Visitor: 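If you scroll down you'll find the structure; I have some questions about it.
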Amino acid sequence: MPALPGVMSYGETDAQARAKVTALALRSVAERIENGEPLPPELAGMFAEA
């Protein structure tokens with residue numbers, strides 16, 4: 001995912017790889033929000049920051 005460098009995963013099937021990378025991307029976004037880091041512009045409108 002270009003907006004989140006380093007977020008990639010592998011799986012035995014395409015569906016498994018997609019599920020893993022989605023979970024990793026969400027963890028990455030959550031960590032940025034928790035640490036007060038800005039989100040990439042491509043993602044900023046997708047998540048409501050509290």
Side-chain angles (χ1 to χ4, degrees):
M1 172 174 261
L4 298 171
V7 173
M8 59 183 262
S9 187
Y10 300 94
E12 292 185 26
T13 66
D14 186 53
Q16 186 181 52
R18 287 178 186 271
K20 287 181 177 183
V21 79
T22 299
L24 184 56
L26 290 171
R27 284 188 206 113
S28 177
V29 168
E31 193 171 299
R32 286 178 183 225
I33 292 170
E34 288 174 358
N35 292 320
E37 299 173 27
L39 296 177
E42 302 89 14
L43 302 178
M46 295 176 68
F47 298 92
E49 295 184 45

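What you are looking at is a predicted structure, and each value in this text was computed from that prediction instead of being measured. Values below: all heavy atoms of this structure, side chains included; hydrogens, waters and symmetry mates excluded.
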Visitor: Distance from E12 atom CD to K20 atom NZ, nearest 0.5 Å?
Guide: 7.5 Å
Visitor: State whether the side chain of T22 and the backbone N or O of R18 hold a donor-acceptor pair below 3.5 Å, judged by distance alone.
Guide: yes
Visitor: When rounded to the nearest 0.5 angstrom, what distance separates CD in E31 from CG in L26?
Guide: 13.0 Å
Visitor: Minimum heavy-atom separation for R32 to P40, with atom names?
Guide: NH1-CD, 3.4 Å
